[in-house]
Protein chains: 2
Amino acid sequence: MEKILEIFKALSDETRLRILNLFIKSGRNLCVCELMDALKLPQYTVSKALGTLKNAGLFTTEKEGTWVYYQLDKKDTKNKDLFTFLNNILITDLFLEDEERLNNRLLLRENDKCVVGIIPEEDLLKLIKGKTEA
Amino acid sequence: MEKILEIFKALSDETRLRILNLFIKSGRNLCVCELMDALKLPQYTVSKALGTLKNAGLFTTEKEGTWVYYQLDKKDTKNKDLFTFLNNILITDLFLEDEERLNNRLLLRENDKCVVGIIPEEDLLKLIKGKTEA
DNA sequence: CCAATATATGCAATTTTTTACATATAGTCA
DNA sequence: TGACTATATGTAAAAAATTGCATATATTGG
């Protein structure tokens, strides 16, 4: 019961739902700085939200150098059911904008790894512009 | 988004999950006094929890005299998905005891209507004993 | 070792939720 | 009408969650 309550509490927050949506829709593993840019939220907000979701048992992590890649924990059957359910109900304009920003951010990966850390939005947009025009 | 958050917040409470479980597992409409006995909780707690769930759009009500029958609102597709999901994950010993007490309480219905209001537990158990022995 | 960087966390102020009680409302029946 | 009963709600105190900032940790590369 405590476990179930912890999961629903984790889902009762806009930032955390936006994060979950990005993982569910993209099907990818993502690091904190990529989420920061997709959500346009500060580092501590994203880290804290991810921590809550991981504590609730919804995510696993893999560390590569200073980067940490989060991914949905789909080993648990109940989690899989949850992600399927969320995939059906998380449909909002706000989410679409997150998804577009994430797609652009992922253009900057090399060998499927994040190589761009925390940089000013202005610089980020220039990098992305370079990629889309190439 | 606000609507989704309201639903998850409604699900983030033990009493409200226990109530939802009883409706999902029994498939019936139930009134406040029946839930009080199944959950062993005071009237105001049950009423308030039902109010929260109804506000979140998960229940509809039908009034018959002073009795109010609550039922799951299955017209909404998202609600149906949610109830299916909950049916899979709400499995706990605590729920089993609730379900047994509810089944006993429902033995006291006549023509599928609740005819026993708020009475002391001692009296309730006597009534139920009468029914099960008959 | 040092500087730089990606991520995590501790904390205090604020906001939100819960809880328990008292009381209100509304319908029934004498 | 008035007593009775099923249900709803207002409220104040307590508990819990969120927010923003500052700072800590840990890894890399020079």
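A, B, ... follow the sequence lines: proteins, then strands. Residue 1 opens every chain. Note that these values count all heavy atoms, side chains included, but never hydrogens, waters or copies made by symmetry.
Both A/T45 and A/E64 sit near DNA chain D, but only A/T45 has its closest nucleotide nearer the 5' end. Residue-to-nucleotide proximity on DNA chain D shows that, of A/K63 and B/V46, the 5′-proximal contact is made by B/V46.
Rounded to whole Å, atom C1' of D/dT27 lies 17 Å from atom CD of A/E62. As rounded to whole Å, 18 Å separates atom P of D/dC4 from atom CD1 of B/I119. Atom pair B/D13:CG and D/dA16:P shows a separation of 13 Å (rounding to whole Å applied). Rounded to whole angstrom, the span from the CG atom of A/L11 across to the P atom of D/dA17 amounts to 14 Å. The CG-P distance, from B/L35 to D/dA6, rounds to 14 Å in whole Å. Between the CG atom of A/L108 and the P atom of C/dA6 there is a distance of 13 Å, rounded to whole Å. Rounded to a whole Å, the CG atom of A/L53 is 16 Å from the P atom of C/dT7. Atom-to-atom, CG of B/L5 to P of C/dT16 comes out at 13 Å; the value is rounded to the nearest Å.
Between B/F59 and B/F23, the ring-plane angle classifies as perpendicular under the 30° and 60° cut-offs.
Listed candidates were D/dT19, C/dT17, D/dA17. Nearest to the side chain of B/K9 is C/dT17. Proximity note for B/C33 (side chain, C-beta onward) versus C/dT7, D/dT7, D/dT18: the nearest is D/dT7. Of all nucleotides listed (C/dT7, C/dT17, D/dT18), C/dT7 comes nearest to the side chain of A/W67.
Not one side-chain nitrogen or oxygen of A/K48 sits closer than 4.0 Å to the OP1 or OP2 atom of C/dA8. For D/dA24, the OP1/OP2 oxygens have no side-chain nitrogen or oxygen of A/Y44 closer than 4.0 Å. OP1 or OP2 of D/dT27 has not a single side-chain nitrogen or oxygen of A/T66 nearer than 4.0 Å.
Side chain A/Q43 to base C/dA8: a donor-acceptor pair is found below 3.5 Å.
The NZ atom of A/K131 lies 7.0 Å from the CG atom of A/L108; values are rounded to the nearest 0.5 Å. Interatomic distance, CD1 of B/I89 versus CG of A/N79, reported as 10.0 Å (0.5 Å rounding).
A 4.5 Å side-chain heavy-atom check between A/Y70 and A/T60 finds every atom pair outside the cut-off.
By the 6.0 Å and 45° rule, B/K113 stacks over the aromatic ring of B/Y69.
Residue contacts for B/Y69: at a heavy-atom cut-off of 4.0 Å it reaches no nucleic acid atom on any strand shown.
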